[in-house]
Amino acid sequence: MVVTSQCIGRRVTGLYVGASNVRRYFRKGITEIELQLDHLRIECGLPPNFWRDQPEIHDPRLCLWLESKHRNGNGHATIPMAMIPSGKNSFILGPAGMSAQQAGDKSGDSNDN
């Protein structure tokens, strides 16, 4: 699925998933997901509004990682990202052109999901 970073000025504030992606890729009612950001794995909470009218993920570690990607690219413009399911409530986040095959290669030998 393609998601986009959210920005206010030069500050990245989160990741916009979108309502259709929420319905398609997220089990109803889960309260957190695991994201793999390069070699870092983090757990991000999903607030109740995620299921209603704000399909967004906000986490300070995610924002810092996204900001590092912004510095290498478009300044403060939003960046499309690929968010690829990699297990139960688990996703790999990477460049928008990343395929599921590349995500599998990127996740290494870990089969614990």
Side-chain angles (χ1 to χ4, degrees):
M1 84 183 95
V2 176
V3 298
T4 55
S5 61
Q6 295 181 297
C7 299
I8 296 177
R10 292 189 178 269
R11 180 98 176 121
V12 177
T13 61
L15 197 61
Y16 181 78
V17 176
S20 62
N21 284 335
V22 169
R23 286 189 300 273
R24 184 171 180 187
Y25 294 102
F26 293 80
R27 287 186 347 186
K28 184 79 173 159
I30 59 172
T31 58
E32 60 185 31
I33 62 167
E34 181 180 87
L35 288 178
Q36 182 171 333
L37 315 171
D38 296 326
H39 298 291
L40 175 67
R41 286 183 188 233
I42 63 172
E43 287 186 5
C44 299
L46 301 176
N49 288 350
F50 182 80
W51 303 105
R52 293 190 294 266
D53 57 350
Q54 293 181 333
E56 304 162 0
I57 300 171
H58 300 279
D59 181 278
R61 297 160 298 175
L62 171 62
C63 292
L64 289 172
W65 184 82
L66 288 167
E67 284 180 353
S68 76
K69 300 301 176 190
H70 280 238
R71 280 194 285 278
N72 295 334
N74 302 343
H76 60 281
T78 61
I79 296 177
M81 305 290 292
M83 192 168 164
I84 300 172
S86 62
K88 184 179 177 182
N89 305 328
S90 181
F91 300 87
I92 298 171
L93 192 63
M98 184 172 70
S99 69
Q101 177 63 39
Q102 290 171 314
D105 294 344
K106 188 175 188 174
S107 63
D109 296 330
S110 175
N111 290 327
D112 58 347
N113 293 334

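In this text, all values refer to a predicted model and were calculated from it rather than measured experimentally.
Residues Phe50 and Phe26 place their aromatic rings such that the two centres sit under 6.0 Å apart.
Residues Val22 and Pro55 approach most closely at CG2-CB, 3.6 Å, considering heavy atoms. Counting all heavy atoms, side chain and backbone alike, Pro80 lies closest to Ala96 at O-CB, 3.5 Å. Nearest heavy-atom pair, Met83 versus Leu35, reported as atom, atom and distance to 0.1 Å: CE-CD2, 3.7 Å. When every heavy atom of Pro95 is checked against every heavy atom of Ala82, the shortest pair comes out as O-CB, 3.2 Å.
The closest side-chain heavy-atom distance from Trp51 to Ile30 is below 4.5 Å.
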Evaluate the criterion side chain to side chain contact (heavy atoms under 4.5 Å, CB included) for residue pair Leu15 and Leu66; output intermediate values, then yes/no. CA-CA 9 Å; Leu15 197 61; Leu66 288 167; 4.2 Å; yes
Check the pair Glu34, Lys88 against salt bridge (charged side-chain N to carboxylate O under 4.0 Å, His left out), reporting the backbone distance first and the verdict last. CA-CA 9 Å; Glu34 181 180 87; Lys88 184 179 177 182; over 6 Å; no
Could you go step by step and tell me if Glu56 and Thr13 meet the side chain to side chain contact (heavy atoms under 4.5 Å, CB included) rule? CA-CA 10 Å; Glu56 304 162 0; Thr13 61; over 6 Å; no
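In terms of modelled atom types and a separation under 3.5 Å, the side chain of Glu43 and the main chain of Gly45 share no donor-acceptor contact. A side-chain donor-acceptor contact under 3.5 Å links Asn21 to the backbone of Val2.
Across Ile57, Leu62, Ile84, a single residue satisfies side chain to side chain contact (heavy atoms under 4.5 Å, CB included) together with Leu93, and that is Leu62.
Under the 4.5 Å side-chain heavy-atom criterion for grouping Ile, Leu, Val, Met, Phe, Trp and Tyr, Tyr16 is not connected to Ile92 through any hydrophobic cluster.
Within the model, atoms CG of Leu37 and CZ of Arg61 stand 9.0 Å from one another, a figure rounded to the nearest 0.5 Å. Here the CD1 atom belonging to Ile33 is positioned 5.5 Å from the CG atom belonging to Leu46, to the nearest 0.5 angstrom.
Under a cut-off of 6.0 angstrom, the local environment of CD1 in Ile8 is sparse, with at most 12 non-hydrogen atoms contributed by other residues, nucleotides or ligands.
Residues passing the side-chain hydrogen bond (donor to acceptor under 3.5 Å, both in side chains) test with Arg52 are Asn49, sequence neighbours excluded. Not counting sequence neighbours, Arg23 has no partner by the side-chain hydrogen bond (donor to acceptor under 3.5 Å, both in side chains) test.
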